[in-house]
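Structure first, then comments.
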Number of protein chains: 2
Amino acid sequence: MAHFVDARTRVLQEESTKAVLSNCSDPKADLAAERARATFDVGELLHYLNGGREKVERKAHFAELISRTEWGNKSERYFQTREEQYVHGLKVAFGIWDFMKEKRLGISDGRVLRSLVNAPGGLELHIGMFIPSLISHANPEQQAKWLPKAQSLEIIGTYAQTELGHGTFVRGLETTATYDSDRQEFIVHSPTLTSTKWWPGGLGKTATHIILMARLFTKGKDYGPHAFIMQIRSLEDHKPLTGITIGDIGPKFGFNGVDNGFLRLEYVRIPREAMLMRFAKITPEGDYVPPPPANAKASYATMMYVRSTIVQDAGKFLSMAVTIATRYTSVRRQTTSSKGQRETQVLDYQSVAGSLLPLLATAYALHFTGKVMMQMYTDFERSRDRGDFSNLPELHAFSSGLKAMCTTITSEGIEKSRLLCGGHGYSRLSGLPDMYTSYVQNSTWEGDNNVMFLQTGRYLIKSLLGAMTGKTLSGYAKYLENAQFEMKERCNVSTEVQWLDPAAQLAAFRNRAARLCVDAAEQLKQESGGNPVFEGEPWDNSNVIVIKLAVAHSQYVIYKNFMDSLQGIRSRGELQPNTVRALADLQGLFGLTVLEREVGDMLESGYLSARQVKLLRAQQRALVKAVRPNAVPLVDAFGFLDYELSSALGRSDGDVYRGLLEMAQASPLNRTEEGPGWKAVLEAQMKKPGSRSRL
Amino acid sequence: MAHFVDARTRVLQEESTKAVLSNCSDPKADLAAERARATFDVGELLHYLNGGREKVERKAHFAELISRTEWGNKSERYFQTREEQYVHGLKVAFGIWDFMKEKRLGISDGRVLRSLVNAPGGLELHIGMFIPSLISHANPEQQAKWLPKAQSLEIIGTYAQTELGHGTFVRGLETTATYDSDRQEFIVHSPTLTSTKWWPGGLGKTATHIILMARLFTKGKDYGPHAFIMQIRSLEDHKPLTGITIGDIGPKFGFNGVDNGFLRLEYVRIPREAMLMRFAKITPEGDYVPPPPANAKASYATMMYVRSTIVQDAGKFLSMAVTIATRYTSVRRQTTSSKGQRETQVLDYQSVAGSLLPLLATAYALHFTGKVMMQMYTDFERSRDRGDFSNLPELHAFSSGLKAMCTTITSEGIEKSRLLCGGHGYSRLSGLPDMYTSYVQNSTWEGDNNVMFLQTGRYLIKSLLGAMTGKTLSGYAKYLENAQFEMKERCNVSTEVQWLDPAAQLAAFRNRAARLCVDAAEQLKQESGGNPVFEGEPWDNSNVIVIKLAVAHSQYVIYKNFMDSLQGIRSRGELQPNTVRALADLQGLFGLTVLEREVGDMLESGYLSARQVKLLRAQQRALVKAVRPNAVPLVDAFGFLDYELSSALGRSDGDVYRGLLEMAQASPLNRTEEGPGWKAVLEAQMKKPGSRSRL
């Protein structure tokens, strides 16, 4: 675009430029200044949060290596068509597979790699569900037959459970597998429109095999959903086999690299051995052999594992969003009250800091809860392997509520972070739109969040009722033993600073949950006309308060985990005092922000007085100010690489505007100067002078 | 897929199919049953809400006609690439233009057509900003020169104001227009990276001309932002002119048919007459002539108009989302407590009804507020034309807060509706993801919502301070005259049913807002160390409570509008009693739901007692039940056509699963049986038997 500019023009412009430059912003300098304000050693916290220096360096090394591969290159990320995304997703999966083989890497490295590239594709469910289901549900002969092929990618599988008409409620599935003892085969069939399999990832255009969940009928009797393995596409030309209709279900809010698919079966015959028979079995004669009772419990394990990882990941995604928003609002300057002054950093507005810094604190809270969750799962696995399932109910209740709570918090938090980035947050180049649309599926996937909360609520009410008849409670529900006492309890805070005491905060969380549990039990009794009924109308009519209870309990749990973790760090001396202090501010800010939103309940119950609420609010505001100088250092400590964030606004060097401008160049509309509309539409339309009358 | 199926197979399957069919859902019958439950005349309400039977029929007629055109066909809507969307958006704009010409339609029909097709493209700002700005800011000679070309589409314009570094704060713009009196030209230039124009719709690849907002420098003095008209692309080959760099800014969360663009200017010369000189002027010698003082006010008019239409549209978009979610949750059946029973309609779960039906009530509330808002704007226009600007401050304060409130409610409401649709809500075929991503920009566009709330809050606090010195207040802020009295007021509700009284609800809304106004003024005084300062740190440090005040006031306004509108309908006898009763339930449900969320403030202030909160909650629950039978009829009355909704889940015949399956066929991944990944990746990878070692 260079063109001749005469000297006079340059001189005239010079003056105007000077006037503009005197107040214009310098994002890189702003971010550097923020970093200089840290009151703690960022490197120490970075290593602590990420499992040590070695892991931090290993991740950076991997990122460096894969960013140079074709499949690891992210420059086209925001510009791909659906087909390109899909094909790229496959390349990524094979790329990672080969990379791991070449470097002889293990499962946890694989997790790091997939998270770094973050391009889910048609092989997600092959890795995440098909292989694990074979391991858990196939008998040894079946494993010997199928696992080698699956693990060498000779076949690609997926897990076909949900149908057009059925998601959460597995018992309602309508696909049938009818046993024909004469031929020792099953007929698998889609008898209704609603029985069409719908949603399985990779089913659309990738998978050659599926694990099919279908209702088993034999000798005229319905034994409910069972798992079968079957081939759906030719290994020669990838076309669907006879009697099988498959396709992609179309674009989604996010996850468009994945070919979620549909499947209809028309009287397809599969051998008896297609049924996965580690637990339940069918004899050649068609007699059904039910699974041994203990195994019903064992099959929960996979579900628990998946939920635990969802809880663990929630903190990570919220941290990513908060990193982007914190860096950007630190360098974004907008509006000044007095002429000639530099504009204000957006993060210095109370309304912005008051929204964003509590999210930062929440990201830390979720980090610690994620750790506790995974530890609890590991403990469960260990006792399960000894045949001890005693901690399953608690794990189940705990993980359901936390899954719902953490995914709700993170979904909303990503979107809040995006909105705090103003107009530029609306650009996909900010990274936040894609983060939201891909993350928010977690609210529905693996159990709708309302259903999850209800499970936790049911457990809590049952625990309370048990405690009232003298049963001892364990784990996180222990406090319900004292519910009657809590009903009379009053908060004893009388100064602003007393609200800083973690014990005071924890007591408020606990009291709220305990009282809600009593209220919920009371309402359920009323709806049941006496003894509480945990199903049907009485239960459905109590949903709202039960969900509220589960939310309150989960908040209590998350706060308690933060508090206990920090206490552990302190007592083990794992971090320097300044670092602990910075974390303690976050813990306080998290606690008081949540409590502030819920004061209505506590005023209503009489636990808090209006004066105590005012003190709480003042202390919360004070903590927002206390955290402010550490905002950028605290997000730096999460340790996300620019490669991971793929965000013009989240750049670690703060050069956000250059980031936007540079990334935009690759927009497909910019392939030609005149754009794709000129020849297609504009030229013909605009060159009709006079032919078009004025509107 | 038909293949030979023997008789034995059919017989065996027959039995299983029967078992499945006994409980499977029949969505069309479900929706018909819902409609039969209506307690009022849906047709009457439909016509009332939509301005009469004739308008309803006219819209249907238009939809019928345009759905058969190439540009009006929506079957590819969810499958287009960015380029296809962009080109299609242009075709739509020209298509509508020609259609209007052919049928001799006026502006309001144009609005209906654009809303029906709902495919914003590169001409949005030509119509919405370029032409209106010429009319409002160009002098008669300039209008004579430019308007005919713009109105016959010989040129296409956009409005280039925002920059990489500046959105809301117009005074901070960095693009300069430096006057050179020797040549009687302006030099327009982008002196910094942050001065790059960024975001204007149509700027990327469509517009040939722009209205440029740039800081006017003459004789070494900076006169701040002014408007200039200039050409940026050749009319011959559509290439950018010398010194001008233009391009598309890349993909966004939504609105991807629009080529939002960037622009850099390098010492570009434009004639003196390029400055739009209806108000401010520059003489050939370079002397600046400021605009007459009254016109500063006049220029607010466009802004007020745009905000008013945003408020008006909020109700429409929320209604669309609620229509989809209500129909779908009425036909979606999921989970049964007892075997053999049909599954429950999802809308019958308390947690679903308790979320969705208040949203339905809110959609109605926003409808009435939209009407009031437009009426207020029309009244303003009328008095403005008489030179009377006395109602401008109220209109400004009112529209700012409502813009922020209504767009927040609608954004969140669309996303809540989507989540209530469970897994299928995640599919773009549901229509909800696209509705959310295109709507949510309203929270940022035309003034960030926080900034908007702060403007309303400032007006309210100033009103309160005025009233305290004896000034009379008018309009919606009138209640602040009694703020001191409100501080001592207590709610007098003592039974559940008394909460149904609109006066009791209104009093609670009013009391909350009044008390918050007093609190906010108090805090601002404290932060200011005496007399309240409405800028700088004292103001910034009061943001949170001021925003809270503006929210409370806006909620009061929306409730009052609902109440007054219904009162008017009643007193004018416009609707039958049964219809009025259905609307009154909605009014009550809206009011109590909002109040229930805010009881914390009212308990804290002492306005409500814990007992009154319990009564409120019980009455709110009762209203959810009361509205339930009318849910589908009430969304039918909005009158959205299937063509408008473009939603598999919102189909008016309830055949949602067929809708999903049929729409999905057009997915680009389904163009071939084997999909685009087979030849590109899979075949080569999968046919390496043995070559790939197991992981």
Side-chain angles (χ1 to χ4, degrees), chain A residues 1 3 5 12 16-17 20 24 81 83 87 90 151-152 164 167 169 174 176 178 191-192 205 217 238-239 242 245 247-251 253 267 335 337 350-351 354 423 426 428 433 444 450 535-536 543-544 599-600 603-604 610 657 664 667 669-670 673-678 680-681 692 694, chain B residues 1 3 5 12 16-17 20 24 81 83 87 90 151-152 164 167 169 174 176 178 191-192 205 217 238-239 242 245 247-251 253 267 335 337 350-351 354 423 426 428 433 444 450 535-536 543-544 599-600 603-604 610 657 664 667 669-670 673-678 680-681 692 694:
Chain A
M1 284 304 108
H3 63 111
V5 180
L12 272 167
S16 311
T17 299
V20 168
C24 94
T81 66
E83 291 100 311
V87 171
L90 293 178
Q151 286 170 333
S152 62
L164 263 178
F169 185 60
E174 296 173 5
T176 58
T178 310
T192 54
K205 293 290 160 181
F217 287 82
H238 212 59
K239 304 260 158 123
T242 307
T245 312
D248 173 75
I249 65 164
F253 208 8
Y267 303 100
T335 311
S337 337
Q350 192 192 34
S351 55
Y426 194 68
R428 282 181 64 197
T444 320
N450 275 338
E535 56 176 28
N543 274 189
V544 171
V599 289
L603 283 161
E604 187 183 342
Y657 301 117
S667 169
L669 293 190
N670 291 333
E673 284 275 25
E674 71 281 8
W678 175 245
V681 185
R692 190 184 304 278
R694 291 161 55 179
Chain B
M1 282 304 108
H3 63 112
V5 180
L12 272 168
S16 310
T17 299
V20 168
C24 94
T81 66
E83 291 100 310
V87 171
L90 293 177
Q151 286 171 332
S152 62
L164 264 178
F169 186 59
E174 295 173 5
T176 58
T178 310
T192 54
K205 293 290 160 181
F217 286 80
H238 212 61
K239 304 259 158 122
T242 308
T245 312
D248 173 75
I249 65 165
F253 207 7
Y267 303 100
T335 312
S337 337
Q350 192 192 36
S351 55
Y426 193 68
R428 282 182 64 199
T444 320
N450 276 339
E535 54 175 30
N543 274 189
V544 170
V599 290
L603 284 161
E604 186 182 347
Y657 301 117
S667 170
L669 292 189
N670 291 333
E673 284 277 25
E674 71 280 10
W678 175 245
V681 184
R692 190 186 302 279
R694 290 163 55 180

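A, B, ... follow the sequence lines: proteins, then strands. Residue 1 opens every chain.
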For chain B, which of [options] has the most heavy-atom pairs under 4.5 Å?
{"options": "A:Glu535, A:Glu674, A:Glu604, A:Glu83", "value": "A:Glu604"}
{"options": "A:Pro676, A:Gly600, A:Ser16", "value": "A:Ser16"}
{"options": "A:Leu603, A:Leu669, A:Leu12", "value": "A:Leu669"}
{"options": "A:Ala680, A:Gly536, A:Gly423", "value": "A:Gly423"}
{"options": "A:Asn543, A:Thr444, A:Asp248", "value": "A:Asp248"}
{"options": "A:Leu164, A:Thr81, A:Val87", "value": "A:Leu164"}

Looking only at non-hydrogen atoms, find the nearest pair between [X] and [Y] and report the distance.
{"X": "A:Ala664", "Y": "B:Ile249", "value": "CB-O, 3.5 Å"}
{"X": "B:Arg428", "Y": "A:Phe253", "value": "CG-N, 3.9 Å"}
{"X": "B:Lys205", "Y": "A:Glu673", "value": "NZ-O, 3.1 Å"}
{"X": "B:Thr17", "Y": "A:Pro191", "value": "OG1-CB, 3.7 Å"}
{"X": "A:His3", "Y": "B:Thr242", "value": "CB-CG2, 3.4 Å"}
{"X": "A:Val544", "Y": "B:Ser351", "value": "CG2-CA, 4.2 Å"}

Which one, B:Asn450, B:Val599, B:Leu90, leads in non-hydrogen pairs under 4.5 Å with chain A?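 The residue among B:Asn450, B:Val599, B:Leu90 with the greatest pair count is B:Leu90.
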
Chain A: which of B:Gly247, B:Gly677, B:Pro251 shares the most heavy-atom pairs with it under 4.5 Å?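 Top count of heavy-atom pairs under 4.5 Å with chain A: B:Pro251.
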
What part of [X] gets within 4.5 angstrom of chain B, counting heavy atoms only: side chain, backbone, both, or neither?
{"X": "A:Val681", "value": "side chain"}
{"X": "A:Tyr426", "value": "both"}
{"X": "A:Asn670", "value": "both"}

B:Tyr657: side chain to side chain donor-acceptor pair (under 3.5 Å) partners, not counting sequence neighbours: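 Here the qualifying residues are B:Arg332.
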
Please name all residues satisfying side chain to side chain donor-acceptor pair (under 3.5 Å) with B:Thr192, sequence neighbours left out, ordered by chain then number.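 Side chain to side chain donor-acceptor pair (under 3.5 Å) check on B:Thr192 returns B:Glu174, B:Thr194, B:Ser195.
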
Side chain / backbone / both / neither for B:Phe217 at chain A, heavy atoms under 4.5 Å: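 Only the side chain of B:Phe217 comes within 4.5 Å of chain A.
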
